[in-house]
Amino acid sequence: MRIHNSLTGRKEELRPLEPGHVRMYVCGDTVYDFCHIGHARSKIAFDVVRRYLVWRGFRVTYVRNITDIDDKIIRRAAEAGEPIEVLTARYIDAMHEDYDRLGILRPDHEPRATEYLPAIVEMVSRLIEGGYAYVATNGDVMYAVSSFPGYGRLSGKRLADLRAGARVEIDEAKRDPLDFVLWKTSKPGEPAWDSPWGPGRPGWHIECSAMATALLGAHFDLHGGGMDLKFPHHENEIAQSCAATGEAFVECWMHNGFVNVDSEKMSKSLGNFFTIRDVLARLRDPEVLRYFFLSSHYRGPISYSPGQLGQADAALGRLYTALRDLPLPATDEAAPQGAATERFQAVMDDDFNTPEAVATLQGLAREVNSARARGDMAAAAAAGAELRLLGRVLGLLQREPEAWFRAGVPGAISDARIAELIEARAAARKAKNWAQSDRVRDELAQAGVILEDKPGGQTVWRRA
RNA sequence: GGCGCGGUGGCAGAGCGGUCAUGCAGCGGCCUGCAAAGCCGUGGAGAUGGGUUCGACUCCCGUCCGCGCCUCCA
């Protein structure tokens with residue numbers, strides 16, 4: 001299978017360094033606030049990478065870090081007047097809750113920066129010993145960018161261009177404006193860990209290098225994150241890791257595109273972000289958001305709007321409609337693997353083309369409905385089982401269809417009341433009192449409930 | 001200023017040098033008491049100006065427009 005490598009700008013065959021075992025690292029979140037749907041997109045994209053690799057038979061070791069010490073966290077905690085650990089614990093819990101709801105599987109390791117101080121200190125020491133870092137005049141430890149020949153390769157930047165960019169703030173303590181902090185000495189009252197350079201805390205970039213190396217080794221297969229991390233974060237990671245270990249760092253870099261709002265990047269600094277929990281509160285099911293993201297390719301931008309989520313709800317509903325009342329095998333393992341599976345695999349093998357993969361799911365739904373229409377229930381069930389299995393690889397179709405249709409915005413008409421009205425309508429229909437029957441149906445429609453009369457006289461319903 | 005990405009039918013969004021993406025919406029038919037759902041069928045595209053080619057939405061060049069990174073950011 002082929003993956004687009006940001007380092008080379010092209011798709012490359014995946015050849016795990018250790019045959020059959022893919023080691024991947026994804027940059028997680030800084031926990032000082034609720035996660036927004038931009039974070040969700042990235043985590044879902046790499047969750048699908050992980051799920052798909054496992055389905056393809058690879059053993060996967062997935063590491064996703066948590067940044068639990070950083071300037072913004074310190075500031076937020078001070079503003080809230082609470083200990084840092086209390087603040088970060090609260091947002092870590094919230095993050096887990098949000099990601100679990102979205103069906104994002106937990107990584108194999110979820111290291112926190114504060115748990116890896118010894119590894120971080122050791123890596124910084126090694127960089128100083130190797131001549132790649134220095135103690136600046138203000139006491140901070142800096143990475144000397146000019147000491148690393150490959151600097152700029154990932155982001156396609158040249159040192160001269162970066163300096164000419166003049167957007168880098170001039171810091172007297174640095175020998176070169178592009179040098180970045182590895183170890184930050186702490187001011188009084190700030191959290192601090194002991195180090196050979198005095199009490200302080202790690203710079204942002206070094207934690208990922210240290211944790212990735214500790215858990216996956218110096219040289220591993222996949223490293224992912226949002227486009228915005230390409231420079232400087234990932235560029236710096238490469239410089240740190242390669243210089244400290246003397247080995248190659250990452251084989252393949254993957255970067256996901258942004259979520260846009262009004263064709264602008266959604267970000268905390270712009271303030272145009274929507275938290276996961278706010279968005280989910282307005283959806284029938286978190287899978288709708290997941291389907292929305294998977295409907296476009298992970299590397300491109302995606303425009304967020306409530307209307308688009310509505311389309312995703314309808315499209316996913318079509319898949320659940322196909323599955324409704326279908327006699328499916330107890331386990332997906334028994335699912336047949338037909339032409340759809342073949343196509344699914346072909347498009348996913350090509351840099352995780354989830355829009356095409358979703359299209360094959362829609363094709364299977366048509367197969368199910370089509371077979372059902374001609375009375376071939378065996379064929380319908382077979383296609384349905386295949387649909388559910390492939391859906392699971394994308395983290396979709398995990399609900400009971402009936403539950404999916406009944407889910408809706410809280411506070412609406414109760415299931416019991418709906419059943420009551422349907423019963424009353426059934427009586428009217430039996431008496432061929434169509435006017436009365438239609439009145440009930442209209443009443444339910446007003447309440448957001450759509451009825452469907454089945455051939456046998458049964459009536460099923462769903463929330464709009 | 002440097003580096004990079006993109007402009008596809010009413011909406012969203014893929015692949016592909018010459019046959020279908022897919023979903024929603026539209027239209028016709030079937031089904032239904034009527035609907036809904038579903039099935040069958042169907043119209044509708046490729047920012048522009050050139051070039052390459054027997055043939056380009058797909059390759060190359062220019063132009064216009066939009067966006068991102070270069071600063072914390074998924």
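Residue numbers begin at 1 in each chain, while the letters A, B, ... track the order of the sequences.
Within the model, atoms NZ of A/Lys268 and CG of A/Asp33 stand 4.5 Å from one another, a figure rounded to the nearest 0.5 Å.
Sorted by first then second residue, the side-chain hydrogen bond (donor to acceptor under 3.5 Å, both in side chains) pairs that include residues 366-377 of chain A, not counting sequence neighbours, number zero. Every pair passing side-chain hydrogen bond (donor to acceptor under 3.5 Å, both in side chains) that includes a residue from residues 141-152 of chain A is listed here, sequence neighbours excluded: A/Tyr151-A/Asn236.
Between A/Ser296 and the phosphate of B/A12, there is no side-chain N or O to OP1/OP2 separation shorter than 4.0 Å. Look at A/Arg366 and you'll find a side-chain N or O under 4.0 angstrom from OP1 or OP2 of B/G23. OP1 or OP2 of B/C69 sits under 4.0 Å from a side-chain N or O of A/Lys265. Between A/Asn369 and B/C39, a side-chain N or O to OP1/OP2 separation shorter than 4.0 Å is present. Residue A/Arg41 places none of its side-chain N or O atoms closer than 4.0 Å to OP1 or OP2 of B/C73. Within the structure, every side-chain polar atom (N or O) of A/Trp461 is placed at least 4.0 Å from both OP1 and OP2 of B/A37.
Every ring-ring contact (aromatic ring centres under 6.0 Å, His included) that A/Phe220 has, sequence neighbours left out, goes to A/Phe249.
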Could you list all N or O pairs between the protein and nucleotides 25-32 of chain B that sit under 3.5 Å apart?
none

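Atom NZ of A/Lys230 and atom C1' of B/G68 are 10 Å apart (whole Å). For the pair A/Lys430 NZ and B/C34 C1', the interatomic distance rounds to 20 Å; values are reported in whole Å. As rounded to whole Å, 22 Å separates atom P of B/C73 from atom CZ of A/Phe274. As a whole-Å value, the separation of A/Arg299 CZ from B/C5 P is 10 Å. Per the geometry, NE2 belonging to A/His223 stands 13 Å off P belonging to B/A74, to the nearest Å. Taking atom CE on A/Met227 and atom C1' on B/G6, their separation rounds to 11 Å, with Å as the unit. The distance from atom CZ of A/Phe344 to atom P of B/A21 is 22 Å, rounded to the nearest whole Å. Residue A/Arg462 contributes atom CZ, which lies 7 Å from atom C1' of B/A37 at whole-angstrom precision.
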Output, in order, the C-alpha distance, side-chain angles, deciding distance and verdict of side chain to side chain contact (heavy atoms under 4.5 Å, CB included) for A/Arg429 and A/Asp453. CA-CA 11 Å; A/Arg429 293 183 74 216; A/Asp453 297 326; 3.4 Å; yes
Steps toward side chain to side chain donor-acceptor pair (under 3.5 Å) verdict (A/Thr8, A/Glu12): CA-CA 9 Å; A/Thr8 57; A/Glu12 292 170 2; 2.5 Å; yes
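Between A/Asp47 and A/Arg106 there is no salt bridge, since no side-chain N of the basic residue sits under 4.0 Å from a carboxylate O of the acidic one. Remark: A/Asp442 does not engage A/Arg439 in a salt bridge, criterion side-chain N to carboxylate O under 4.0 Å. A salt bridge is absent between A/Glu190 and A/Lys184: the closest approach of a Lys/Arg side-chain nitrogen to an acidic carboxylate oxygen does not fall below 4.0 angstrom. Between A/Asp29 and A/Lys43 there is a salt bridge, since a side-chain N of the basic residue sits under 4.0 Å from a carboxylate O of the acidic one. Using a 4.0 Å cut-off between charged side-chain N and carboxylate O, A/Asp350 and A/Arg2 make a salt bridge.
For the segment residues 97-112 of chain A, no residue has any heavy atom less than 4.0 angstrom from an atom of RNA chain B.
For RNA chain B, runs of at least 3 consecutive pairs of the Watson-Crick or G-U wobble type, with both hydrogen-bonding distances under 3.5 angstrom, map to B:1-7 with B:64-70, B:10-12 with B:22-24, B:26-30 with B:38-42, B:47-51 with B:59-63.
The residue A/Asp438 sits close to a base: some heavy atom pair falls under 4.0 Å. A/Gln308 comes within 4.0 angstrom of sugar-phosphate atoms only, judged by non-hydrogen atoms across all strands, and of no base. The residue A/Ser267 sits close to a base: some heavy atom pair falls under 4.0 Å. Across all strands shown, A/Asp350 has no heavy atoms under 4.0 Å from either base or sugar-phosphate atoms.
When all heavy atoms of A/Leu182 and A/Ala133 are compared, the closest pair comes out as CD1-CB, 3.6 Å.
Within 3.5 Å, no donor on the side chain of A/Glu356 pairs with an acceptor on the base of B/G15, nor the reverse.
Under a 3.5 Å cut-off, the side chain of A/Asn138 and the backbone N or O of A/Asp140 do form a donor-acceptor pair.
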